[in-house]
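This report concerns only the one structure given below.
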Amino acid sequence: MESKDSWDWFLRLLVKDLDITGEGNGWTFISDKQKGLLPACEAVVPLAEHRFCVRHLWTNFNKLFPGKVFKDQVWAIAKATTMAYYTKELVLMKQMEPKAYDWLTDPLRPPKHWCRAHFGTTMKCDVLLSNLCESFNAFILPARSKAVISCFEDIRVMMMKRIAMRRDKMSKFMDPICPKPRELLEKNKVKSATNCIPYGSGSPQIEVESFGGSKHVVDLIRRTCACRRWDLTGIPCKHAISAINFMRQSPEDYVDACYLIKIYMAVYSNRVKPVNGMDLWIPSDEPKILPPQYNRQPGRPRTKRIKDASEKESEGPKLGRVQKSLKCSNCGILGHNMKTCHRHLPPKEKAAKRRKLNTGEASSTHTQTHAKGSKKQPKTKNELREIAKRRAEQQK
């Protein structure tokens, strides 16, 4: 059960295992805003930075204000790196929907937990999502359904293989910078060469102007930029690279040390030792580990979590009721095929019925027009004689 007491107990054990000192100073926790977690963090690690996953924040927001326009605006607010852009995007949200603006600015959702403009620059990380723990949770999912000892043993083997694989993979790179930061740095180099003009001031502070008219001041001594992207990530932005090139220096020298391969190898230096199988273990005199009390619920136990409506759109190749991938070859409309095209046709327009008037005049063949629905008039004597003559001729 998630509560303040349970999270307090868990965080104290985590602080002890990770040897976190200084009341969490220099640490960042990203969560899904579970019940009781925020007050527990304030009690155990009050100096640590606590962030909310914007993906889960938007899920709650989407229940009240659905639509792609609102979704894009929420992400624009969360990704704003400066207070000027943060205020600008909030004003746009207020113009779109005042109630959505009130929901985002509620004191229960302080922007320091989910907006980059309010993040600190000590930790070189601008992550807004908890995808790292979600992917690890999916990684150990097969082991979670087993008994306690078997579960821990499977996780140990997974971690042993994972650490060894990452060390071997990274040892093949000759570049001093890790692949992902290197890729981002090269992209910023292209943007710097095509969109930035530096102006020197005779000091380490350089003014960089973009083609759009915006200007940013870059300080090479403090390693800061007015856009705050360099401050948040530790990777020089396009403005910083333009200023570094202006000073005839190398951008690689200004990449933060946490992105170097030697630091990466140091993180994975702690190897997981191999262990013999359970058949070689010596029996212990300690009391046996008993499973927790469990009240079986009716029905088959669930193995998959209940997904949100927004997650079901990209769930495998299975098509829903509205099959957008189908296109009718008859009418060219998406959503059905030629066989069921008749079900999607527009309703037919009923033509106005024209009523025929009976003028009472006989035609040259002695026939008389009748209005629809009226009784048939009796034949004349001459008509009956003609019919009798035809029958006699046919009998001959």
Neighbour count >12 (heavy atoms, 6.0 Å) for atom NZ, K189: yes
Separation between CG of N131 and SG of C53, rounded to the nearest 0.5 Å: 6.5 Å
Closest heavy-atom pair and its distance - A243, I206: O-CD1, 3.6 Å
Chi angles and distances behind the side-chain contact (heavy atoms from CB on, under 4.5 Å) call for Q205, V218: CA-CA 6 Å; Q205 293 184 349; V218 179; over 6 Å; no
In a table with atom names and distances, give each donor-acceptor pair under 3.5 Å that connects a side chain of residues 261-274 to protein atoms at least two apart or in another chain.
| from | atom 1 | to | atom 2 | distance (Å) |
| --- | --- | --- | --- | --- |
| Y264 | OH | R166 | NH1 | 3.4 |
| S269 | OG | A266 | O | 2.6 |

N/O donor-acceptor pair under 3.5 Å between N188 side chain and P236 backbone: yes
Cluster overlap M159 with V275, hydrophobic side-chain contacts below 4.5 Å: no
R228 side-chain N/O to R116 backbone N/O, donor-acceptor pair under 3.5 Å: yes
Within one Ile-Leu-Val-Met-Phe-Trp-Tyr cluster: V45 and L14, side-chain cutoff 4.5 Å: yes
Same apolar cluster (I L V M F W Y, side chains within < 4.5 Å links), L132/L129: no
Where at least one partner belongs to residues 135-190, residue pairs that pass ring-ring contact (aromatic ring centres under 6.0 Å, His included), sequence neighbours excluded: none
Cationic N near anionic O, under 4.0 Å, E42 to K4: no
Min side-chain heavy-atom separation D19-T21 under 4.5 Å: yes
Donor-acceptor contact below 3.5 Å, side chain S242 vs main chain H239: no
Donor on one side chain, acceptor on other, R167 and S171, under 3.5 Å: no
Whether F65 and F61 hold their rings parallel, tilted or perpendicular, with breakpoints at 30° and 60°: tilted
What donor-acceptor contacts under 3.5 angstrom involve side-chain atoms of residues 22-31, with partners at least two apart or in another chain?
| from | atom 1 | to | atom 2 | distance (Å) |
| --- | --- | --- | --- | --- |
| S31 | OG | K33 | N | 3.3 |
| S31 | OG | H50 | NE2 | 2.8 |

Side chain to side chain, F119 and L128, heavy atoms closer than 4.5 Å: yes
L90 side chain reached by I77 side chain, heavy atoms, under 4.5 Å: yes
hydrophobic_cluster_shared for L184 and Y254, side chain cutoff 4.5 Å: no
Full working for side-chain contact (heavy atoms from CB on, under 4.5 Å) between C151 and V148: CA-CA 5 Å; C151 174; V148 176; 5.7 Å; no
Closest non-hydrogen atom pair, D32 against E134: OD2-OE2, 3.7 Å
Side chain proximity check, C125 to R51, heavy atoms < 4.5 angstrom: yes
Any S150 side-chain heavy atom under 4.5 Å of M278 side chain: yes
From CD1 (I235) to CD (E252), nearest 0.5 Å: 11.5 Å
Cluster check W9, L37: I/L/V/M/F/W/Y, side chain < 4.5 angstrom: yes
Side chain to side chain donor-acceptor pair (under 3.5 Å) contacts touching residues 67-96 (sequence neighbours left out): K68-D72, Q73-E89
Distance in Å, D154 CG paired with R144 CZ, rounded so as to fall on 0.5 Å steps: 13.5 Å
Flag, side chain of D219 to backbone of C225, donor-acceptor distance under 3.5 Å: no
Pairwise side-chain contact, P179 with M170, heavy-atom cut-off 4.5 Å (strictly under): yes
Taking every non-hydrogen atom, the tightest pair across E49 and G120: OE2-N, 3.5 Å
Residue pair L38, H113: steps toward the side-chain contact (heavy atoms from CB on, under 4.5 Å) verdict: CA-CA 10 Å; L38 188 59; H113 296 312; 4.2 Å; yes
Heavy-atom closest pair, residues N62 and G67: OD1-N, 3.7 Å
From I241 atom CD1 to K187 atom NZ, the distance as rounded to the nearest 0.5 Å: 13.0 Å
Any donor-acceptor pair under 3.5 Å from T105 side chain to Y101 backbone: yes
Distance, nearest 0.5 Å, that separates OH of Y199 from CZ of F246: 10.5 Å
Residues which pass side-chain contact (heavy atoms from CB on, under 4.5 Å) with V157, listed by chain and number, not counting sequence neighbours: E153, K161
CG on N195 to CZ on F211, rounded to 0.5 Å: 6.0 Å
Test log, rule side-chain contact (heavy atoms from CB on, under 4.5 Å), inputs V74 and M93: CA-CA 8 Å; V74 169; M93 177 64 80; 3.9 Å; yes
T59 side-chain N/O to R55 backbone N/O, donor-acceptor pair under 3.5 Å: yes
D279, CG atom: more than 12 neighbouring heavy atoms under 6.0 Å: yes
Flag side-chain contact, heavy atom, 4.5 Å: P198 against N245: no
Side chain S210, main chain G212, donor-acceptor under 3.5 Å: no
W103 and L64, any side-chain heavy atoms less than 4.5 Å apart: yes
Under-4.0 Å salt bridge between D8 and R12: yes
Counterpart residues, side-chain contact (heavy atoms from CB on, under 4.5 Å), relative to D106 (two or more places apart): L108, R109
Pairing of D256 and K124 as salt bridge, 4.0 angstrom limit: no
